[in-house]
Amino acid sequence: MRDRFVLPPGVLYLDGNSLGALPAGVADALVAVGEEWGDHLIEGWGADGWWDRPCSLGARLAPLLGAAGDEVVVCDSTSVNIFKAVAAALALVPGRRVVVAERATFPGDLYVLEGLLELLGGYELRLVDGPFDPASPGAGIPLESAIDDATAVVLATHVDFRSAHLHDMRALTELAHRHGAVVVWDLAHSAGAVALELDDCAVDFAVGCTYKYLNGGPGAPAFLYAARRHLASARQPLAGWHGHLEPFAFSPAYKPATGIRRFLTGSPPIVAFAALDAALAVWDEVEREQVFAKGRALSALLIDLVDDRCPELEVATPRNPARRGSHVALRHGAARALVAALGRRKVIADFREPDLVRIALTPLYQGFTDVWDAVTALRAVLDDLGGAA
Ligand SMILES: *Cc1c(COP(=O)(O)O)cnc(C)c1O
């Protein structure tokens, strides 16, 4: 599958969880959508299926999420979709006033959550210091123990963007439901990286990115999942004409479209959709389980080799493969300098405050030799650092 990607020669790319590599089919797909636009102009909305693209792409993505085709829509950014999904979730449990999330989650999620709750007024945001907060490992209470009968909504990030800790989606969703709460899962570092069974786990809502492990390109639109049982009643506050039942009636009164379409707001990014559609083609040719199993094997090899050859790096990612996503975080006081030194060797990893080197395992375009090469590069930059000190 590596041939399905365009990577610069000589570069070892270990940052596919921030921005996935360029799929080979994308350039042609962008030319093709340009031709649709040039040839069909406004007619493209019907003739080329642009109008339905948020839903048809959602249906294409659905199997990767363990969802049905009519439960997923592709639109907006993950941040905006969190706003819509949490607002819709809160509306399902009127009278409850507590939203639970992890302090260590992606900060942007918290900014959106705070903005929404401030706008609504009267809500309490209960932030827990999860057990895998890399700033204070071992400290804090788990998300589970903060959920009680007052909880309205739990916003849970499935794979932590720092540590790669992976929550038990089924158990956490069940627990929340036992307390009468609604769960919104953030799958930014999960989609395309680990197996997902949203329907089977009875998840309520989920959102996530397509520019990370799904290789949709910089700024690629996000997805939003709503369980079928919520589709008829779910209301979201960014109601817009693309989510209207009869958009071309241009009625002053909003009537939500039946189904997942009601989560749309305004005109979707058709050009960006073309890149994402081409990027998703690779999943038609692989066994998903095989890809995810290879991802776990790549991260296991990385952890083993780091333990063996780079003992000054502390593995900050769960060692249990069932509890980690598809990257490995390595803690070192000079993490920032290490990542910069790797970059000078054309090894692209990333740094996360305060002291983490993050290495993404992307089995579609990485091999096991890449992991060996990555650890050899890590050893060399650690030696250089030692020599310089
Ligand atoms: C990457 C990431 C985001 C980013 O969302 P956008 O709004 O699409 O930029 C949100 N949440 C998590 C957990 C992430 O890792």
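Order of appearance sets the numbers: ligands from 1, and atoms from 1 within every ligand. Keep in mind it's a predicted model, so treat the numbers as computed, not measured. Basis for what follows: all heavy atoms, side chains included, without hydrogens, waters or symmetry-related copies. Residues: numbered from 1 along the sequence shown.
Residue Phe106 shares its hydrophobic cluster (ILVMFWY side chains chained together at separations under 4.5 Å) with Phe161.
Protein heavy atom in closest approach to atom 10 (C) of ligand 1: Asp109 OD1, 3.3 Å. Counting only heavy atoms of the protein, atom 8 (O) of ligand 1 lies nearest to Thr78 N, 3.1 Å. Looking at atom 13 (C) of ligand 1, its nearest protein heavy atom turns out to be Asp186 OD2, 3.2 Å. Looking at atom 6 (P) of ligand 1, its nearest protein heavy atom turns out to be Tyr211 OH, 3.6 Å. When only non-hydrogen protein atoms are considered, atom 14 (C) of ligand 1 lies nearest to Lys212 NZ, 2.9 Å. At the shortest separation from atom 7 (O) of ligand 1 among protein heavy atoms lies Ser79 OG, 2.5 Å.
For residues 197-207, the pairs satisfying salt bridge (Lys or Arg N to Asp or Glu O under 4.0 Å) are Arg170-Asp200, Asp204-Arg229, with sequence neighbours left out.
Each of the atoms 15 (O) of ligand 1 lies under 4.0 Å from some heavy atom of His189.
The N/O atoms of Thr157, backbone and side chain alike, include none that comes under 3.5 Å of an N/O atom in ligand 1.
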Inset, instruction - Assess whether ring pair (Phe, Tyr, Trp, His ring centres under 6.0 Å) is satisfied between His40 and Trp45, documenting all intermediate values. - result: CA-CA 9 Å; His40 304 145; Trp45 284 103; over 10 Å; no
Inset, instruction - Apply side chain to side chain donor-acceptor pair (under 3.5 Å) to the pair His167 and Glu102, showing each step before the final yes or no. - result: CA-CA 12 Å; His167 276 297; Glu102 284 173 308; 3.1 Å; yes
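Taking the six-membered ring where the residue is Trp, His189 and Tyr213 present perpendicular rings, their angle passing 60° and hence far from 30°. Ring orientation note: the planes of Phe5 and Tyr365 are tilted relative to one another, at an angle of 30° to 60°.
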